[in-house]
Protein chains: 2
Amino acid sequence: MNGDTVGIERFRTFLRERSLRITQVRERVALAALQRRGHFDVDEVVAELRRGGVRASRATVYRALPLLEQAGLITATVGRRERQRYERTLDRGHHDHLMCTRCQRLVEFEYEAFEVLQREVAEKYGFKLTGHSHQLFGLCPDCQGRRG
Amino acid sequence: MNGDTVGIERFRTFLRERSLRITQVRERVALAALQRRGHFDVDEVVAELRRGGVRASRATVYRALPLLEQAGLITATVGRRERQRYERTLDRGHHDHLMCTRCQRLVEFEYEAFEVLQREVAEKYGFKLTGHSHQLFGLCPDCQGRRG
DNA sequence: CTTCATGCAAAAGATTTGCAAGTTC
DNA sequence: GAACTTGCAAATCTTTTGCATGAAG
């Protein structure tokens with residue numbers, strides 16, 4: 001019983017709880033998304049599905065991914081104006097992102113100090129911390145000095 | 001000589017440095033943007049301009065705001081899939097957000113330590129830092145213990 | 001069988017772009 | 001005058017939606 005299987009089971013439970021249907025397509029989308037490593041977008045999931053011989057429309061994937069997100073299996077990344085991207089929640093660990101605003105290059109970093117400080121801030125305001133989104137923007141070495 | 005005037009001067013310098021033209025419309029857009037307090041989007045700038053009797057097309061404003069951003073006068077905010085919003089850089093200070101996921105209550109906090117660490121991370125990867133988005137999610141004191 | 005999910009194509013919404021006409025240097 | 005800007009409309013791009021048809025419960 002690997003991680004994906006657990007994920008699928010969790011997704012089923014999520015769907016049942018909300019009286020949503022457990023369909024073939026939804027499960028296939030879930031599998032395709034969970035099989036991806038690193039970041040992915042809607043089209044990549046569609047491509048992954050096609051490779052596996054599953055025909056699912058983009059619209060369906062657009063409808064399914066937010067469910068997976070609500071189920072806690074994937075996390076949407078917050079970007080600027082590009083297409084929405086996701087990543088498997090389990091892969092995330094505690095890393096955050098450093099993104100080049102020119103070429104979209106994405107670097108992941110992990111700094112325990114941030115986690116500690118965050119807990120500190122939450123405590124200061126009496127909040128019970130459940131998550132965070134932390135992204136740095138800038139120009140990567142290659143893009144510094146370039147125009148536009 | 002108020003803040004806006006300084007901003008405009010800085011914008012002129014920025015344009016000159018890149019051999020871009022200092023036009024009436026660009027200056028008006030800059031003024032309109034700098035006059036806004038809090039967050040604003042393209043249409044709000046267009047509206048502000050109209051109120052001042054300036055007719056500038058949306059396209060022009062779309063072309064001008066990134067210049068203002070590059071000049072460091074305004075900062076683009078990062079959201080999910082809505083329209084791009086900006087805020088005057090000077091207004092930002094260095095605050096980040098702590099948001100209650102149940103009642104949407106928003107607390108702004110400021111922790112110099114985060115800024116320091118962020119610069120450290122950027123430097124480590126050779127990035128030139130231009131901005132960041134840092135949000136903590138959790139339950140505020142009032143919402144803890146309540147049902148979701 | 002009732003209700004919800006899917007696919008398709010069309011719609012929507014935000015932003016970008018080609019091009020002719022107007023400005024800036 | 002040459003080069004860059006602007007405005008307009010059309011084009012793009014991503015995401016959403018209406019609707020007829022097909023599955024799930």
Side-chain angles (χ1 to χ4, degrees), chain A residues 8 11-33 39-50 52-71 74 76-86 101-102 104 147-148, chain B residues 8 11-33 39-47 49-50 52-71 74 76-86:
Chain A
I8 297 298
F11 188 38
R12 287 210 184 99
T13 304
F14 168 86
L15 293 173
R16 256 192 297 270
E17 280 172 351
R18 329 220 151 185
S19 309
L20 297 174
R21 300 208 163 140
I22 298 171
T23 67
Q24 297 252 320
V25 177
R26 276 180 181 156
E27 297 210 337
R28 291 321 204 89
V29 172
L31 266 174
H39 297 89
F40 60 86
D41 61 28
V42 169
D43 282 352
E44 288 180 83
V45 172
V46 172
E48 176 79 42
L49 288 168
R50 281 207 213 299
V54 182
R55 203 172 58 248
S57 73
R58 220 187 299 280
T60 297
V61 176
Y62 266 111
R63 287 186 273 230
L65 291 183
L67 295 175
L68 281 167
E69 192 194 0
Q70 286 169 55
I74 61 176
T77 67
V78 180
R80 289 240 179 159
R81 300 264 89 224
E82 339 84 27
R83 41 171 58 184
Q84 179 70 67
R85 290 199 286 176
Y86 296 90
T101 54
R102 184 177 177 285
Q104 256 61 261
R147 306 231 76 192
Chain B
I8 296 298
F11 189 37
R12 287 210 184 99
T13 304
F14 169 86
L15 292 173
R16 255 192 298 269
E17 280 172 352
R18 327 220 151 185
S19 308
L20 297 175
R21 303 215 158 137
I22 298 170
T23 66
Q24 296 252 320
V25 176
R26 277 180 180 157
E27 296 211 335
R28 292 321 204 88
V29 171
L31 267 174
H39 298 266
F40 61 87
D41 60 29
V42 169
D43 282 353
E44 289 179 83
V45 172
V46 173
L49 287 168
R50 281 208 211 299
V54 182
R55 203 172 57 249
S57 73
R58 219 186 302 279
T60 297
V61 175
Y62 267 110
R63 288 186 271 229
L65 291 184
L67 294 175
L68 282 166
E69 193 193 1
Q70 287 169 55
I74 61 177
T77 68
V78 181
R80 285 244 187 153
R81 304 263 92 225
E82 336 88 26
R83 41 170 59 181
Q84 178 70 68
R85 289 200 290 174
Y86 297 89

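Here is how names work: the chains are called A, B, and so on, in the same order as the sequence lines, proteins then strands, and each is numbered from 1.
Within residues 52-61 of chain B, the residues approached by DNA chain C to less than 4.0 Å at the level of any non-hydrogen atom are B:Ala59, in residue-number order.
Every side-chain contact (heavy atoms from CB on, under 4.5 Å) that A:Ala30 has, sequence neighbours left out, goes to A:Ile8, A:Phe11, A:Leu68. Every residue meeting the side-chain contact (heavy atoms from CB on, under 4.5 Å) condition with A:Glu44, not counting sequence neighbours, appears here in chain and number order: A:Arg36, A:Phe40, A:Asp41. Applying the side-chain contact (heavy atoms from CB on, under 4.5 Å) criterion to B:Ala59, with sequence neighbours excluded, gives B:Ser57, B:Arg63. In this structure B:Arg50 satisfies the side-chain contact (heavy atoms from CB on, under 4.5 Å) test together with B:Val46, B:Arg55, sequence neighbours excluded.
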What's touching nucleotides 22-25 of chain D from the protein side, N or O pairs under 3.5 Å?
unit_1 : atom_1 : unit_2  : atom_2 : d
D:dA24 : N3     : A:Arg21 : NH1    : 3.4

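Atoms CG (A:Asp43) and C1' (D:dT12) sit 15 Å apart, rounded to a whole Å. Put simply, CZ on A:Arg83 is 15 Å from C1' on C:dT15, counting in whole angstrom units. The interatomic distance linking A:Phe11 (CZ) with C:dA5 (P) rounds to 10 Å, in whole Å. Across the protein-nucleic acid pair, B:Arg85 atom CZ and C:dT15 atom P stand 12 Å apart, rounded to whole Å.
Within 4.0 Å (heavy atoms only), A:Arg26 reaches sugar-phosphate atoms of the nucleic acid but no base atom.
For the helix from C:dC1-D:dG25 to C:dC25-D:dG1, the end axes, each set by the C1' atoms of five terminal pairs, are bent relative to each other by 30° (nearest 10°).
Listed pair A:Tyr62 / D:dT16 fails the phosphate criterion, with no side-chain N or O lying under 4.0 Å from OP1 or OP2.
Applying the side-chain hydrogen bond (donor to acceptor under 3.5 Å, both in side chains) test to pairs two or more places apart or on separate chains, those with a residue in residues 20-33 of chain B are B:Arg12-B:Glu27.
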